[in-house]
Each structure stands twice: as C-alpha cells, then as structure tokens.
Amino acid sequence: MASPPVLFSAVGLSPKDRQAIIVEAPTVRNKVTHLLKDGLTGFMQSLILNHHHTKEPFYVLDLGVVDNLMDNWTRFLPMIRPFYAVKCNSDPALLAAMATLDMGFDCASQAEIESILALGVSPGLIIFANPCKLDSHIRYAASVRVNLTTFDSGTEVEKIREFHPKCSLLIRIKPPDDGGSMWPLDSKFGALPEEVEPLLQAAKAAQLPVIGVSFHIGSRAACSRAYAVAIEAAKKVFEAAAQLGMPPMRTYFPDTTGMSIIAEPGRFFVESAFTLAANIIGKRVRGELREYWINDGVYGSLMCSALFEPKNLTCRPLGCNSNRENPTCEGALTYSSTVFGPTLDALDTVMKGHGLPDLEVNDWLVFPNMGAYSSALRSNFNGFNTSAFSTYLTYSNPS
Ligand SMILES: *Cc1c(COP(=O)(O)O)cnc(C)c1O
C-alpha cells in the first residue's frame with residue numbers, strides 16, 4: 001500500500017500562495033469575486049439586482065473561509081492529514097479548490113469516488129470510508145486502485161476478499177462515548193469491543209491487511225473527551241492485533257513516529273463557507289404574526305437545519321424589493337415570523353417565531369452557515385426542482 005505522505009502540500013504555503021492556487025483551480029478559475037470581509041451583503045444585493053432575474057435560490061461559497069480553515073488546520077494539526085468527507089457538500093468548485101491543496105477525500109460510494117478522481121486526485125488520497133459497501137462499488141474501487149477502506153462486519157470482509165483482494169483495511173470501532181453528538185453514528189457503525197478480535201481474525205484468514213483503526217464520534221460532537229477515550233480504545237485494537245500475531249499495523253506507515261494519523265472532517269471545512277439566499281414567494285398577515293413562503297425549504301437544502309438544528313438556524317432580511325434604500329432593514333420594527341418552504345407538506349416549515357421586519361413578496365432571506373448537509377440532501381419532492389441552484393464564488397480576505 002502507498003502510505004499517505006505525512007505532511008500534505010498545503011502545509012507551509014503562505015496565505016498568498018494558497019489563495020493563488022485556489023483561485024486557479026479548474027472550475028474555479030475566472031469565477032471568483034474578491035471581496036473585503038464585510039462585502040457579502042453588498043455582493044448578494046448586486047447579484048439579485050443585476051443578474052438574478054429568475055429569483056431562484058442561490059448560494060455564495062466563500063473560498064477564503066475554506067482556505068482560512070485549512071490554514072488553521074495545517075498550523076495546529078500539521079501531522080494529521082484531512083480527508084474531506086465528500087457527503088457533507090459535494091459542490092464541484094469546492095472539491096476542485098480542495099484538491100489543488102492536496103487534500104485527501106473520504107468517499108462513501110462509486111459516484112463520490114468518480115467525482116474526486118475526475119479532479120485528477122491520486123487514488124492513494126481517497127479512503128472508501130463506508131463500512132458497508134455495494135459489491136459493484138467495491139469492484140469499481142478495485143478497478144481504479146482505491147485501496148483503503150473501512151469495515152465492521154464479517155460479511156464485509158468476505159465481500160472485500162472476493163471483489164478487492166488487494167485492499168487494505170481499517171477496522172471501524174464504536175467509540176465508547178458519543179461526546180453528546182447531535183448526530184451520533186454509533187448505533188449503525190462500529191465494531192463492539194468483543195467483536196474486534198473475531199473481525200481481525202476474519203481479515204487475517206482472508207489475507208487482507210488491517211493497517212489501522214477508524215472511528216467517528218458523531219457529527220457536531222460537544223465534548224472533546226470523547227476523542228481521548230476513542231483513541232484509547234483504538235490503542236487496545238492495536239494491542240489485540242499484536243497478540244493475534246498479526247503484523248504490527250504501523251509497519252505500513254514508515255514515518256518516524258511509527259504512526260500515520262488521518263481525519264475525516266466534513267462540517268468543519270464547509271459549514272461557515274456557504275451562505276444561502278432564498279426568495280420570498282408568498283406572505284400572509286395574521287394580526288401581529290407574519291408568515292412567509294420562500295422557494296427553498298425542508299425538501300430543498302434546509303432539511304438538516306430546520307428539522308434537527310433549529311436553534312442554530314438563523315436568517316437575515318434582504319429587502320431588495322420593498323426597501324431598496326435600506327435593504328438590510330436596519331432599525332426596522334420586527335415581527336414574530338414563520339417561514340415556510342414551497343411544498344404542500346406542513347413539515348416543510350423552515351423556522352417559527354423568528355424576528356423579521358415586515359417584508360414583501362420578492363424580498364429575500366439570507367441564511368448564513370449553510371454549507372454542511374444542506375444542498376447534499378435536496379430532493380425533488382412535489383416537483384420543486386431544487387437541484388439547479390447557482391453557486392457564486394467569492395474569496396474574502398479577512399483583513
Ligand atoms: C459523515 C462522516 C464524516 C464527516 O462528519 P462531520 O461531522 O461532517 O465532520 C467523517 N467520516 C465518516 C466515516 C462519515 O460518515
């Protein structure tokens with residue numbers, strides 16, 4: 001197995017160099033508007049007034065935010081190579097920008113692997129991090145030499161032995177503590193402590209090298225101690241493998257510490273980089289209450305935020321139609337407002353009791369921090385084609 005390099009190439013690059021590389025990425029080149037830190041609202045206004053006759057919802061992706069997060073990552077965790085979890089947001093410009101900085105990628109399906117290979121990324125920088133894969137996807141991974149995957153069951157070992165006998169494995173373990181995650185994953189994935197030994201033996205019998213351990217605490221974990229206990233549990237797996245007489249997992253990692261550490265961040269790199277703008281398509285006044293319909297919703301890109309994280313969901317008005325002099329509606333009286341999505345399902349309610357000024361049809365609502373598990377979950381329910389949103393690219397400089 002080609003062992004992942006210890007440091008990836010973004011490490012040590014100056015902010016200027018990284019910015020230059022990012023804005024020249026394929027599918028990014030010539031599409032980036034450079035902004036000052038506070039320039040987003042003005043930029044969105046100009047999009048709406050000058051280019052956005054269709055009134056379709058749209059995203060703004062600030063590549064400067066992604067870059068800044070990468071810079072923080074490489075400064076504080078230079079030995080841990082990030083493998084971005086593609087499922088979190090698979091925007092092509094985002095992926096292309098990340099690929100230019102030699103990021104690794106965590107893919108869960110054939111289509112995700114295809115989209116990353118199409119960017120020219122080496123198969124050695126892809127981990128097929130789905131513990132239960134389709135036969136056909138495993139065969140595909142073998143054909144394109146994506147040679148690292150996770151497993152947590154005996155049937156998976158059998159499938160990999162049959163369809164991809166050259167694959168190296170990471171055993172996915174259930175973390176002892178989910179750290180108060182908003183999206184725990186441990187009910188579905190991860191070997192229990194008593195399952196580890198039989199699984200290691202099954203892999204050994206199948207002549208598949210188990211070269212390490214993986215775990216996922218769960219998305220939006222609140223407590224860092226969960227990582228400490230999970231790493232402790234991973235250590236026990238290394239010891240169990242040694243006791244079974246399996247080759248030490250770390251011989252596959254020739255760097256000086258004897259261990260290669262990767263991480264699979266999704267939300268971290270994208271959540272704050274995307275801002276969504278949706279158009280107000282309807283309004284109802286009931287006494288003091290204002291009710292608005294917008295053209296994105298729970299069956300569009302707002303499912304996660306609206307249904308599962310309503311406390312983190314916020315929006316601000318852009319009164320481009322009713323209040324051109326003061327589109328951000330500063331100082332305007334606010335009313336308790338409900339925001340509905342466009343479909344006929346009452347579940348398609350984006351927010352309730354949110355303070356908004358008195359807006360009109362064809363004004364806009366702007367939702368910040370919309371990069372994680374948003375556009376990735378869109379459906380065409382009720383015939384609303386939410387898959388055609390535009391994404392505009394910016395690079396804002398923090399100073
Ligand atoms: C979804 C997923 C991730 C990313 O999780 P975030 O909470 O978005 O960082 C990483 N690894 C695996 C295996 C996943 O399924």
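Order of appearance sets the numbers: ligands from 1, and atoms from 1 within every ligand.
Every side chain to side chain contact (heavy atoms under 4.5 Å, CB included) that Leu185 has, sequence neighbours left out, goes to Arg172, His216.
Between Leu365 and Pro317, the closest heavy-atom pair is CD2-CA, 4.2 Å.
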For residues 235-246, which side-chain donor-acceptor pairs fall under 3.5 Å, sequence neighbours excluded?
from: Lys235; atom 1: NZ; to: Glu239; atom 2: OE2; distance (Å): 3.1

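In this structure, His137 and Phe128 have parallel ring planes: the angle between them is below the 30° cut-off, well short of the 60° mark.
The side chain to side chain donor-acceptor pair (under 3.5 Å) analysis of residues 311-323, with sequence neighbours excluded, yields the pairs Glu309-Asn312, Ser322-Asp363.
The protein residues lying under 4.0 angstrom from ligand 1, judged by non-hydrogen atoms, are Ala85, Lys87, Asp106, Ala129, Arg172, His216, Ser219, Glu264, Pro265, Gly266, Arg267, Tyr373.
When side chains are defined from C-beta on, Met103 counts as touching Met70, because their heavy atoms get closer than 4.5 Å.
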